[in-house]
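Accompanying notes for the structure given below.
The residues of the chain are indexed from 1 along the displayed sequence.
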Amino acid sequence: MAATWIQRIPSRNVRLLTGGRNDTAFVCGGVQQQQHPAAHPSTPGVHSSSPLHRFTAPSRAHSGLSASRLGYAKEKMSENGPWGKVLTIDTMNPTVKKVEYAVRGPIVQRAVQIEKELREGVKKPFAEVIKANIGDAHAMGQQPITFFRQVLAMCSYPELLNDSSFPEDAKHRARRILQSCGGSSLGAYSASQGIDCVLQDVARYIERRDGGIPCNPENVYLTTGASDGIMTMLKLLVCGEDEGRTGVMISIPQYPLYSAALAELGAVQINYYLNEDKCWSMDLSELKRSLKEARRHCNPRALCIINPGNPTGQVQSRDCIEDVIRFAAKERLLLMADEVYQDNVYAEGCEFHSFKKVLFEMGPEYSDSVELVSFHSTSKCYMGECGFRGGYMEIINMDPEVKAQLNKLVSVRLCPPVPGQALMGLVVNPPQPGEPSYINFIKERSATLSALAEKARLTEEILNTVPGISCNPVQGAMYSFPSISLSKAAIEEAAENDQAPDMFYCMRLLEETGICLVPGSGFGQKDGTYHFRMTILPPMDKLKVLLTKVKEFHQRFTNQYS
């Protein structure tokens with residue numbers, strides 16, 4: 001670090017900002033600074049060599065001048081200042097250090113380094129890194145829906161409303177959204193709960209989806225992606241200390257947002273295991289086991305469900321959802337239904353059932369009492385618009401006093417990104433039959449979902465031809481979570497490298513093939529089992545390359561450690 005030199009000069013030779021007669025001025029790196037009276041040498045107990053004399057790094061104007069030319073006293077400032085850093089690894093929030101997020105973890109960091117090495121000409125046994133670690137559709141080549149981008153373009157630059165090349169239904173949506181924005185601009189804050197017309201459209205969408213079951217817009221909150229809503233609800237839930245600390249039940253395997261959020265908030269993570277032998281279905285007996293054990297050391301208050309599943313790709317049956325609702329009602333648990341993949345259902349015989357619809361069809365015994373929060377997003381389904389960070393949550397049966405606190409909490413963050421709110425409004429109010437954009441919208445939407453269904457089928461088919469890999473049907477969502485058999489020798493070498501066995505496997509896969517997957521240990525799995533998660537999003541040609549490379553690698557890896 002460059003040295004910083006200090007010169008003490010008489011206060012009469014400089015103009016002090018405070019004008020205090022007893023203040024002493026300093027020049028630090030050419031920048032005049034004022035010494036606080038408490039640090040003056042005449043102050044009892046404070047010596048002239050006090051480190052309080054050290055203030056700032058050199059200015060741009062004088063940073064190139066020598067200390068002798070500036071006449072500075074030769075006193076160096078330590079790299080971390082006189083007292084060391086205020087914020088260190090030992091003094092930071094300890095709960096943050098417990099947060100882990102495998103989807104962007106060490107594997108991905110190494111993949112980024114390898115991409116840089118390839119650009120710099122470093123020779124590898126592959127020409128590119130194929131990332132299948134995260135559900136980022138557009139990064140994988142999926143094309144945006146034309147209608148959505150047309151409306152957003154006009155909302156962002158209203159002059160385009162005069163452009164005759166844009167269809168009238170797109171212009172109508174853009175005008176309606178802008179009229180609900182302050183100053184008719186996406187650049188204005190919205191109400192904390194969201195743009196009013198979008199809240200109305202979300203409510204109408206939910207009613208259509210659920211066969212006419214009413215939805216009150218006052219129970220809808222627009223969010224910064226589904227993640228923001230999930231985090232907000234967990235903030236409301238978590239309380240207590242020691243054995244009274246809030247516990248939250250999450251599925252294993254799970255999406256690491258949940259474990260990370262619970263770690264950050266200091267809540268207790270309660271694991272319940274999905275049944276891999278039954279295509280990752282939920283098992284009521286497992287929920288009961290998990291809850292019973294958890295009550296010995298915490299206060300379980302909520303049950304989280306991801307349907308369709310991430311990372312496991314299952315679609316839960318209606319019977320299963322009814323069982324979960326009865327369980328939550330009996331055990332007095334708040335339900336959090338993560339339904340961001342609700343359009344991503346591919347397998348024959350599978351169908352998406354919203355928790356709200358099932359809850360209300362079960363009758364007042366449940367619909368009048370079970371507390372439910374459901375989440376949706378613009379990031380998945382056929383949209384894949386991750387970067388806009390649009391989403392919503394709907395609350396059911398929330399205590400009015402808690403709802404008032406929720407309103408306060410969301411007001412603190414002012415509002416979600418307004419372009420993301422606008423996009424959410426388009427997702428729930430797309431072109432309708434008879435409108436100019438309808439035919440092209442349906443064509444693009446169907447093509448995207450059909451391609452995903454084909455890639456889901458291909459992934460399962462190819463992986464199941466590999467001895468030592470077993471892949472359940474990818475019924476929905478955007479991921480496969482196959483199990484891999486690892487030998488004792490491979491597990492021992494992983495231990496020697498201080499890595500989980502499937503991390504060792506995935507890191508070797510990346511280094512040898514350029515394929516970036518995420519080890520199952522980052523999502524949770526039963527002891528003694530090993531998996532990886534891969535997204536099915538890459539274009540079909542790259543997906544075929546990916547699956548072929550995985551197949552060939554697994555065969556080599558198995559032979560090496562047999």
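Side chain to side chain, Arg176 and Gln179 fail the donor-acceptor criterion of an N or O pair below 3.5 Å. Remark: the Thr448 side chain and the Gln142 side chain contain no N/O donor-acceptor pair separated by less than 3.5 Å.
The shortest side-chain heavy-atom distance between Arg245 and Val238 falls under the 4.5 Å cut-off. Contact check for Met336 versus Met393: no side-chain heavy atoms found under the 4.5 Å cut-off. Glu385 has its side chain within reach of Pro144: a pair of non-hydrogen atoms, C-beta onward, lies under 4.5 Å apart. Annotation: side chain of Glu444 is not in contact with side chain of Gln143 (no heavy-atom distance under 4.5 Å). A heavy-atom distance below 4.5 Å is found between the side chains of Cys381 and His376. Residues Leu335 and Glu371 are not in side-chain contact: their nearest non-hydrogen atoms beyond the backbone lie 4.5 Å or more apart. Phe147 is listed as a side-chain neighbour of Arg173, based on a closest heavy-atom distance under 4.5 Å. When side chains are defined from C-beta on, Met424 does not count as touching Tyr205, because their heavy atoms never get closer than 4.5 Å.
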Exercise. Given Lys278 and Asp283, is the salt bridge (Lys or Arg N to Asp or Glu O under 4.0 Å) satisfied, shown in steps?
Worked result: CA-CA 9 Å; Lys278 296 184 179 179; Asp283 188 324; 5.6 Å; no
Problem set entry | Residue pair Glu348, Arg457: steps toward the salt bridge (Lys or Arg N to Asp or Glu O under 4.0 Å) verdict | CA-CA 11 Å; Glu348 186 175 346; Arg457 182 198 61 77; over 6 Å; no
Problem set entry | Test log, rule side chain to side chain contact (heavy atoms under 4.5 Å, CB included), inputs Ile145 and Leu426 | CA-CA 11 Å; Ile145 299 295; Leu426 300 174; over 6 Å; no
Problem set entry | Step-by-step side chain to side chain contact (heavy atoms under 4.5 Å, CB included) determination, Tyr221 to Lys403 | CA-CA 11 Å; Tyr221 292 76; Lys403 186 179 178 184; 3.4 Å; yes
Problem set entry | Val358 vs Glu322, side chain to side chain contact (heavy atoms under 4.5 Å, CB included): CA-CA, chis, key distance, verdict | CA-CA 7 Å; Val358 176; Glu322 289 185 1; 3.6 Å; yes
For this session: Apply the test side chain to side chain contact (heavy atoms under 4.5 Å, CB included) to residues Thr232 and Thr223: give CA-CA distance (whole Å), side-chain angles for both, the deciding distance (0.1 Å), then the verdict.
Result: CA-CA 9 Å; Thr232 298; Thr223 58; over 6 Å; no
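Under a cut-off of 6.0 angstrom, the local environment of CG in Asp498 is sparse, with at most 12 non-hydrogen atoms contributed by other residues, nucleotides or ligands. Other residues, nucleotides and ligands place more than 12 heavy atoms under 6.0 Å from the CD atom of Glu207. Counting heavy-atom neighbours within 6.0 Å of Gln432 CD, excluding the residue itself, gives a total above 12.
Judged by distance alone, the side chain of Asp502 and the main-chain N or O of Tyr530 form no donor-acceptor pair under 3.5 Å. Between the side chain of Asn307 and the backbone N or O of Gln316 there is at least one donor-acceptor pair closer than 3.5 Å. Side-chain N or O atoms of Gln193 include one that pairs as donor or acceptor with a backbone N or O of Val220 at under 3.5 Å. Side-chain N or O atoms of Ser251 include none that pairs as donor or acceptor with a backbone N or O of Ile305 at under 3.5 Å. Under the 3.5 Å distance criterion, the side-chain polar atoms of Arg204 are matched with a main-chain donor or acceptor of Cys215. The closest donor-acceptor contact from the side chain of Asn472 to the backbone of Glu276 lies under 3.5 Å. Distance alone, capped at 3.5 Å, places no donor-acceptor pair between the Tyr505 side chain and the His531 backbone. Put simply, the side chain of Thr535 gets close to the backbone of Met478: a donor and an acceptor are under 3.5 Å apart. Between the side chain of Arg289 and the main chain of Tyr272, no donor-acceptor pair closer than 3.5 Å is present. Although no hydrogens or angles enter the test, the distance criterion places no donor-acceptor pair under 3.5 Å between the side chain of Gln342 and the main chain of Ser354.
Relative orientation of the Tyr382 and Phe441 rings is perpendicular, given thresholds of 30° and 60° on the angle between their planes.
Between the CZ atom in Phe355 and the CG atom in Asp338 there is a gap of 10.5 Å [rounded to 0.5 Å]. The line from CG of Leu359 to CD of Glu365 is 11.0 Å long, rounded to the nearest 0.5 Å. Ile195 contributes atom CD1, which lies 12.5 Å from atom CD of Gln200 (distance to the nearest 0.5 angstrom). To the nearest 0.5 angstrom, Tyr366 atom OH is 10.0 Å from Lys330 atom NZ. Taking CG of Leu423 as the reference point, atom CE of Met383 lies at 7.5 Å (rounded to 0.5 Å). For the atom pair CG (Leu334) and CD1 (Ile395), the distance works out to 10.0 Å, reported to the nearest 0.5 Å.
Between Tyr479 and Tyr341, the distance separating the two ring centers is shorter than 6.0 angstrom.
Both the sub-6.0 Å distance and the 45° axial angle are satisfied by Lys356 relative to the ring of Phe360.
Contact record, Pro416 with Leu222: CG-O, 3.2 Å, taken as the closest heavy-atom pair. Scanning all heavy atoms of the two residues, the minimum distance from Trp280 to Gln314 falls at O-CG, 3.3 Å. Among all heavy-atom pairs drawn from Val370 and Asn397, the shortest one is O-ND2, 2.7 Å. For Ile270 against Ser290, the heavy-atom pair with the smallest separation is CG2-OG, 3.2 Å. Shortest non-hydrogen contact noted between Cys516 and Ile107 is SG-CG2, 3.6 Å. Contact detail for Gln269 and Asn271: the closest heavy-atom pair is NE2-OD1, 2.7 Å.
Salt bridge status for Asp228 with Arg413: present, with a side-chain N to carboxylate O gap under 4.0 Å.
Applying the salt bridge (Lys or Arg N to Asp or Glu O under 4.0 Å) test between Glu331 and each of Lys288, Lys292, Arg295, Arg301 identifies Arg295 as the sole match.
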